[in-house]
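Written below as structure tokens is the structure these notes are about.
Within every chain, numbering begins at 1; the chains are lettered A, B, ... in the order of the sequence lines, protein sequences first and strands thereafter.
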Amino acid sequence: MLLVNQIRENYAGVLAGLQKRNVHNAPSILDQVIALDDLRKLTQAQRDQIQAEANTISKQIGILMKEGRAEEAVAIRERTTQIKEQIKDLEEQYSKTEEDLKALLYTIPNVPHSSVPAGKSAEDNEVVLEYGTIPALFDGKLPHWELIKKYDIIDFDLGVKITGAGFPVYKGKGARLQRALINFFLDEALAAGYMEIQPPILVNEDSGYGTGQLPDKEGQMYFATADQLYLIPTAEVPITNLYRDVILSEEDLPIKNVGYTPCFRREAGSWGAHVRGLNRLHQFDKVEVVQITHPDKSYETLESMSSYVQGLLQKLELPYRVLRLCGGDMGFTSALTYDMEVYSAGQERWLEVSSVSNFETYQANRLKLRFKGEDKKTQLAHSLNGSALALPRIVAAILENNQTPEGIKMPKVLHAYLGFESI
RNA sequence: AGAGGGUUGGGUGAGUGGCUGAAACCAACAGUUUGCUAAACUGUCGUACGGGUUAAACUGUACCGGGGGUUCGAAUCCCCCACCCUCUGCCA
């Protein structure tokens, strides 16, 4: 969430940023924040002052009792009765103000970076670059949902039987392709200096708040009611939360972690014509990279993460483009997001396969993720993450783009992982 | 799942309801000294939110797993919750 001081010190900048995100009533929201914070400070000053008085009296009573001057102790004790009432009232007022302020801050998205284009929807995203050539396929080319049936490598009907829609069963070479991609992605990340993490795939409520899934997006996560745990929608949640309530030292930065996890998304209400086959699933596999950096380095890091992800796509020989998301299409917590989309020639569509974001201090503020520099002062770190990569759409594109009448050729880089060269 | 025991600062670990934001030790940091390494000695050594200051200094409040209660006063007493350990049970 945003810092109140950030709003106070850069009111115009924050306002302009929120307007770029099409936030309604941004001025009134920001003014409310400042008013609530003023009230909070005022209430705290009053509360602290009267509490100090009460503490003084209590100490005096202690001293008097020790000296055996009980009557005097009883006399001043009477003064505390009224003070207690006041403290209680002020305490309640303070808590309420603090809660109201926090609740309001939770509703405010991150301020976009200056390079983020204004816009309302995906159509306003800016194409930063395109790479590779779109394959010209033969007549009779198929979308991947036909290919997986033809070669019997992914079975949605079996998934429906044992679980439900959106939970595919990978079989034979389909399963091996999954495993190969996961290993390939992890090995690449290790070579790029990331430390591998294998986190839990259920998380508690605090973790949901830490990375911004909560409040408001609980409907998008599966929830295990008996134990009050959420199934993770992305490894970003457990991995970033490793650093919740942590004060790092500056030399620990940057922290580079990578993790493979299954991801679970309810995707309530988002099913339509364009989400056939592997395009949208309730459970899918993803390798995620997370970095914690010094604030001065985060944009440099974002670019390097973007290049890293592009490198993976190049090795997989997939044509792709990079988008700079516009204010209206960016995630709630992000300051700048690049989406990588691969071209899937069977369905003749661009598919989003990665999203690389800089959250600046937005997550760190919630996480209380700080670092201590040489000046001994603690300050919030910046957090970033990116998919590297999400499997299903990569699989879709590999299958569609490399299909031939004789079979589907696998990218060279995967041959050693797969143990076969075509399906 | 049942019974019992625990949770204190970066770590170990004291703490009888009142001068305890918290002993002691270790680690860390700064300095002094001996020719370097090392050792010894001295000092510093939590976080958050306020007030204060150009910035400091200084100062108030809160925090001893989390929340609530008793009391003039709670790390200390009571209740609820979470987590950890031991034993029993179950189990990949």
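- Atom C1' of U44(B) sits at a distance of 28 Å from the matching atom of G35(B), rounded to the whole Å.
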Start with the C-alpha distance between Tyr222(A) and His282(A), add both sets of side-chain angles, then the distance that settles side chain to side chain donor-acceptor pair (under 3.5 Å), and finish with yes or no.
-> CA-CA 10 Å; Tyr222(A) 289 95; His282(A) 286 310; 3.3 Å; yes

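- Judged by the 6.0 Å distance and 45° axis criteria, Lys173(A) is not positioned over the aromatic ring of Tyr151(A).
- Place Asn5(A) and Gln60(A) on RNA chain B by their nearest nucleotides, and Gln60(A) ends up nearer the 5' end.
- Atom C1' of G5(B) sits at a distance of 25 Å from the matching atom of C91(B), rounded to the whole Å.
- The nucleotide U54(B) finds no pairing partner, because no Watson-Crick or G-U wobble arrangement with both distances shorter than 3.5 Å includes it.
- A cation-pi arrangement, defined by a distance under 6.0 Å to the six-membered ring centre and an angle within 45 degrees of its axis, is absent between Lys315(A) and Phe184(A).
- Taking 4.0 Å as the cut-off between side-chain N and carboxylate O, Lys96(A) and Asp100(A) count as a salt-bridged pair.
- For U47(B), the OP1/OP2 oxygens have a side-chain nitrogen or oxygen of Lys372(A) closer than 4.0 Å.
- The listed nucleotides are A48(B), A62(B), G50(B); the one nearest the side chain of Lys41(A) is G50(B).
- Considering only side-chain N and O atoms, Arg40(A) lies under 4.0 angstrom from the phosphate OP1 or OP2 of G50(B).
- Between Thr56(A) and Asp37(A), the residue anchored nearer the 5' end of RNA chain B, judged by the nucleotide with its closest heavy atom, is Asp37(A).
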Under the side chain to side chain contact (heavy atoms under 4.5 Å, CB included) rule, what do Phe156(A) and Ile148(A) come out as? Steps first, then yes or no, please.
-> CA-CA 9 Å; Phe156(A) 280 89; Ile148(A) 58 170; 3.5 Å; yes

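- Annotation: C45(B) and A27(B) have their C1' atoms spaced 11 Å apart (nearest Å).
- A salt bridge is absent between Asp38(A) and Lys41(A); no separation between the charged side-chain nitrogens and carboxylate oxygens falls under 4.0 Å.
- Rounded to whole Å, the distance from CG on Asp227(A) to P on C83(B) is 9 Å.
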Side chain to side chain contact (heavy atoms under 4.5 Å, CB included) between Ile7(A) and Leu18(A): does it pass, once the steps are laid out?
-> CA-CA 11 Å; Ile7(A) 296 171; Leu18(A) 295 182; over 6 Å; no

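- The CD1-P distance, from Ile63(A) to U20(B), rounds to 12 Å in whole Å.
- When both distances must be under 3.5 Å, the Watson-Crick or G-U wobble mate of C77(B) is G69(B).
- For RNA chain B, the residues of residues 91-102 of chain A within the heavy-atom distance limit of 4.0 Å (strictly under) are Tyr94(A), sorted by number.
- Dense packing is recorded around CD of Gln314(A), with more than 12 heavy atoms of other residues, nucleotides or ligands lying under 6.0 Å away.
- Per the geometry, CD belonging to Glu205(A) stands 17 Å off P belonging to C81(B), to the nearest Å.
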Between Asp187(A) and Tyr417(A), does a side chain to side chain contact (heavy atoms under 4.5 Å, CB included) hold up when you go through it step by step?
-> CA-CA 11 Å; Asp187(A) 286 350; Tyr417(A) 287 98; 2.7 Å; yes

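- The CG atom of Asp245(A) sits 11 Å away from the P atom of A48(B) (whole-angstrom rounding).
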Would Tyr243(A) and Asp252(A) count as a side chain to side chain donor-acceptor pair (under 3.5 Å) if you check the C-alpha gap in whole Å, the side-chain angles of each, and the deciding distance to 0.1 Å?
-> CA-CA 12 Å; Tyr243(A) 305 97; Asp252(A) 295 335; over 6 Å; no

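- Comparing U16(B) with U53(B), their C1' atoms are spaced 43 Å from each other, to the whole Å.
- Pairing for G46(B) goes to C63(B), judged as Watson-Crick or G-U wobble with the two contacts each under 3.5 Å.
- Across all strands shown, U12(B) forms a Watson-Crick or G-U wobble pair, both distances under 3.5 Å, with A24(B).
- Remark: A40(B) base-pairs with U32(B); criterion is Watson-Crick or G-U wobble with both hydrogen-bond distances under 3.5 Å.
- Here A28(B) presents its C1' atom at 17 Å from CG of Leu248(A), a figure rounded to the nearest Å.
- With a 6.0 Å radius and a threshold of 12 heavy atoms from other residues, nucleotides or ligands, Lys149(A) has its NZ atom at or below the threshold.
- Atom P of G65(B) sits at a distance of 15 Å from the matching atom of A14(B), rounded to the whole Å.
- Residue Gln44(A) contributes atom CD, which lies 13 Å from atom C1' of U59(B) at whole-angstrom precision.
- Listed candidates were G46(B), U61(B), A48(B). Nearest to the side chain of Thr378(A) is A48(B).
- Distances shorter than 4.0 Å separate none of the side-chain N or O atoms of Arg47(A) from OP1 or OP2 on A62(B).
- Here, U42(B) and U54(B) have their P atoms 39 Å apart, quoted to the whole Å.
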Heavy-atom contacts, protein to nucleotides 67-74 of chain B, under 4.0 Å, summarised as B (base), S (sugar-phosphate only) or - (none) per nt, yield -----BS-

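- Across all strands shown, U7(B) forms a Watson-Crick or G-U wobble pair with A82(B), both key distances being under 3.5 Å.
- Remark: G89(B) base-pairs with no nucleotide in the shown strands. Criterion, Watson-Crick or G-U wobble with two distances under 3.5 Å.
- Computed from coordinates, the Asn55(A) CG to G50(B) P distance equals 20 Å when rounded to whole Å.
- A distance of 9.0 Å separates OG in Ser422(A) from CD1 in Ile408(A), rounded to the nearest 0.5 Å.
- Here, C90(B) and A1(B) have their C1' atoms 8 Å apart, quoted to the whole Å.
- The separation of A40(B) from C77(B), taken at their C1' atoms, amounts to 46 Å, rounded to a whole angstrom.
- One atom, CD of Gln46(A), and another, P of G50(B), lie 15 Å apart when rounded to the nearest Å.
- Here the nucleotide nearest the side chain of Gln51(A), chosen from A62(B), G60(B), C19(B), is A62(B).
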